[in-house]
Amino acid sequence: MKNFKRYLVTSALPYANGPIHIGHLAGVYIPSDIYTRYLRMKGVDVISVCGSDEHGVPITLKARKEGVSPQEIVDRYHTINKKAFEDFGIAFDIFSRTSNKVHYETASDFFRTLYNKGEFIEKSSEQYFDEEACCFLADRYIMGTCPLCGNENAYGDQCEKCGTSLSPNELIDPHSTISGSKPVLRETLHWYLPLDKYEPWLKKWILEDHKEWKVNVYGQCKSWLDHGLQPRAVSRDLDWGVPVPVEGAKGKVLYVWFDAPIGYISATKELTPDWEKYWKDKETKMVHFIGKDNIVFHCIIFPAMLNAEGTFILPENVPANEFLNLENDKISTSRNWAVWLHEYLEDFPGKQDVLRYSLCANAPETKDNDFTWKDFQARNNNELVAILGNFVNRALVLTNNYYDGKVPARGKTDSNDDAVLKEIARIRENVESSLEAFRFREALKEAMNLARLGNKYLADAEPWKVIKTDPERVKTIMNIALQITANLTIVCEPFLPFSMEKLRGWINFNELKWSEAGKTDLLITGHVINKPGLLFEKIEDEDITKQIDKLLATKKANEAEGAKTAPGKDVITFDDFTKIDIRTATILEAEKVPKTTRLLKLKIDTGLDIRTIVSGIAEYYEPEAIIGKQISVLANLEPRKIKGIESKGMILMAEDKDGKLVMVTPADKVSNGSMIK
RNA sequence: UGCGGGGUGGAGCAGUGGUAGCUCGUUGGGCUCAUAACCCAAAGGUCGGAGGUUCGAAUCCUUCCUCCGCUACCA
């Protein structure tokens, strides 16, 4: 393995439209913090950079909704998150932000360099524009009625009800989610990064030179590369962000994914005038800690940008984690389904390490994992308290009782003693190799094994019995137990920094060097220790119940929100109504549209004609069961092609609160083509 | 839809061809220095389903089911 002179650790920039939650922590910030603390203890040159990602449309929307400026929104969350990280012991060397001056300059420079080198393609295209809000609309911000299933809340890119992907011009009655007005097409100019140009280079760099990356990361990259890369726009029409620094680019800003990773560079710049050695020296090892949603940006797009610029180094590894669920449900900022860090810190003061521990022990390293409060409690009570806290307490209490707090001399050791002493060194190596491979769960387990070893050693050696028959022997036993304790303060430090600081205070030991770990003479004979307190305390059921109740309340509130009857629509004239041709029809044939889950192809008799309609109802109706059924049809709806089939009209369905679709059938049989009015 | 990653005893995970393992929980026993903590032992799994390759499959192949993510101006 190559030896690096220094390390640059980056952690995904949290988006400043909400507070930090446990998903962020387990996926990104705890692993990066453990890694950084470990490297610092090794005495290597390492810096850890992070900051708020403060641009992009969602922030402008949130600002508009609250009637404040985007700056106010990002100021709010930047402040909350910066403080929460600090209080939680995530030890960034700098937590910067992308709305500051250094970043504007850095990002502009970066863009200009690529621009001057001719790395961009300039292209104009037609996009939807919201005339009321005066901005262009991403597909996601256009809503309308799905031509397929009639869902009125279909997005411009996809209908989430029937799962079909759409383009905005397919929507019936499209409107902007920002102002509600009808969007119009308008010509706009943008700059594109031709990713396809870097494809051969990326293929070699990732697929050949970085086979050691985690399978989820490597797999995702391979998939993208195998499909072929396309040029990607790097600018947007928006008034919030870093302005595109070229002539004639008024009203255009750098698109956030271009802007945000440069934030790592500007944060480093802000931290040290020496920033270039971290970014441009081949002997620096750069590691990006991110969540799985960010893989392509950090493995393909950002490296392509760096490569195009030409003077920067590339990441050596991108240890992306999967996602953490909360009590069996996806964590969601908008649904308030999360454990927020700033709230946890208030609810569980002084218990940073408990959350650090349970999130690391259950980190979603290879697949999505679930966080439950019961598990959190069990990890604390059965592991931190019972194994680690208890061992430390036993060792220190016995030493205080027998030797008045002075470390006794180690005499002749027996074979069991020797085995234990040897094991201490082995555990250090295990922790180390796991950390180097970004296997943090495993590393933590190994560190805890040292406390397990201590408990077993005491149980086997039984000093409380031996003291009555062979007091000399007990000195050796306790000496060894104390060496284990001292070792714990080192190997557990990256994971449990608050508790280990306490413990170091109790044993008057401050050698925080990784190189000391594994040694069996860390505490010399006669060294004085203090009276210990409790390293961890039990968490009672009521504390857990309180948290679970909080989540249940959220769930209830969300359900109430979802169960609301859709609001009434604007008044229309009778004329408007007469334009609509709704009539009864009978289903003659029904079959599933191949390779879809929700679509049925129906042949119906409308009285006027026999026609084909594609409808997104396959989840609720079996094809065989509905043949012969009488239904209501919107007959004069403009025809549309769906999955290559021309669909003429729409089957009317009543949508229940839970999204279930039910056919609207006449109470008595009527002839086909009867008008519904 | 396509692609990527998952589906292993009650829970969380490891294990990529050769007798199915770890942590927690459960049950029984031991110990009493310790926050009823600790130590020992046991029970508990046809490794998502089906088919195949092999002397032998959790591990390789085919297929299906299922969860999560991405699918390119949703950060």
Side-chain angles (χ1 to χ4, degrees), chain A residues 12-17 53 55-59 125 127-128 136-141 155-158 163-165 188 190 192 195 214-224 226-227 229-238 255-257 259-260 291-297 300-301 320 322-323 325 330 361-370 372 374-375 378-379 381-383 385-387 389-399 401-402 439 441-442 444-445 448-449 452 454-460 462-465 467 478 481 534-538 594-597 643:
Chain A
L13 306 186
Y15 197 54
N17 72 339
D53 173 10
H55 297 136
V57 182
I59 281 170
S125 59
Q127 278 182 32
Y128 274 101
F136 282 92
L137 297 167
D139 292 353
R140 189 61 192 272
Y141 295 108
Y155 291 104
D157 53 353
Q158 190 184 35
T164 335
S165 42
T188 177
H190 283 293
Y192 291 73
L195 288 176
K214 290 175 65 169
V215 279
N216 56 342
V217 177
Y218 188 90
Q220 179 101 69
C221 292
K222 188 168 187 311
S223 155
W224 269 58
D226 287 351
H227 278 82
L229 303 176
Q230 302 293 314
R232 249 188 107 119
V234 302
S235 55
R236 292 206 71 178
D237 295 287
L238 200 68
Y255 187 45
V256 277
W257 64 254
D259 170 15
K292 68 171 157 185
D293 54 335
N294 257 323
I295 290 173
V296 285
F297 295 95
I300 291 182
I301 299 172
E322 302 285 302
F323 281 174
N325 293 329
K330 241 191 272 193
N362 191 31
E365 288 182 2
T366 54
K367 60 163 196 183
D368 291 359
N369 279 157
D370 195 30
T372 64
K374 242 189 95 206
D375 179 72
R379 296 243 179 230
N381 293 356
N382 304 330
E383 298 180 32
V385 173
I387 295 168
N390 184 42
F391 167 69
V392 166
N393 197 235
R394 297 169 85 184
L396 300 190
V397 166
L398 286 172
T399 305
N401 288 351
Y402 297 160
R439 291 195 295 260
R441 272 194 324 221
E442 191 178 275
L444 177 58
K445 202 161 89 184
M448 284 298 283
N449 278 343
R452 288 194 181 92
N455 277 320
K456 184 163 161 50
Y457 179 64
L458 285 182
D460 291 344
E462 300 184 302
W464 50 89
K465 258 188 199 166
I467 193 82
M478 290 317 300
L534 291 179
L535 204 49
F536 299 101
E537 283 174 51
K538 285 214 156 191
K595 294 193 172 181
T596 67
T597 47
K643 288 277 158 199

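Heavy-atom basis, side chains included; hydrogens, waters and symmetry copies ignored. Every chain is numbered from 1, with letters handed out A, B, ... down the list of sequences. As the structure is a computational prediction, the values presented were derived from the model and not from experiment.
- Nucleic acid contact class of A:Asp370 (heavy atoms, under 4.0 Å, all strands): none.
- In this structure, the salt bridge (charged side-chain N to carboxylate O under 4.0 Å, His left out) partners of A:Asp460, at least two apart in sequence or on a different chain, are A:Lys456.
- The shortest side-chain heavy-atom distance between A:Tyr402 and A:Trp464 falls under the 4.5 Å cut-off.
- B:G52 and B:G12 have their P atoms separated by 32 Å, with the value rounded to a whole Å.
- If you find the closest nucleotide of RNA chain B to A:Asp375 and to A:Asp53, the one lying nearer the 5' end belongs to A:Asp375.
- Checking the phosphate oxygens (OP1, OP2) of B:G12, no side-chain nitrogen or oxygen of A:Lys374 falls inside 4.0 Å.
- B:C38 is paired with B:G30 under the Watson-Crick or G-U wobble criterion, all donor-acceptor distances under 3.5 Å.
- A sub-4.0 Å separation between OP1 or OP2 of B:C40 and a side-chain N or O of A:Lys456 is present.
- Under the 3.5 Å distance criterion, with hydrogens and angles disregarded, no donor-acceptor pair is assigned to the side chains of A:Asn362 and A:Arg379.
- Judged purely by atom type and a 3.5 angstrom limit, A:Lys292 has no side-chain atom pairing as donor or acceptor with the backbone of A:Asn216.
- In this model, the phosphate group of B:C38 is not approached by any side-chain N or O of A:Arg394 to a distance below 4.0 Å at OP1 or OP2.
- Using P as the reference atom, B:G51 and B:G6 are 25 Å apart when rounded to the nearest Å.
- Put simply, A:Lys445 has no side-chain N or O that comes within less than 4.0 Å of OP1 or OP2 on B:G12.
- Judged by closest nucleotide on RNA chain B, A:Asn382 is the one of A:Asn382 and A:Leu398 placed further toward the 5' end.
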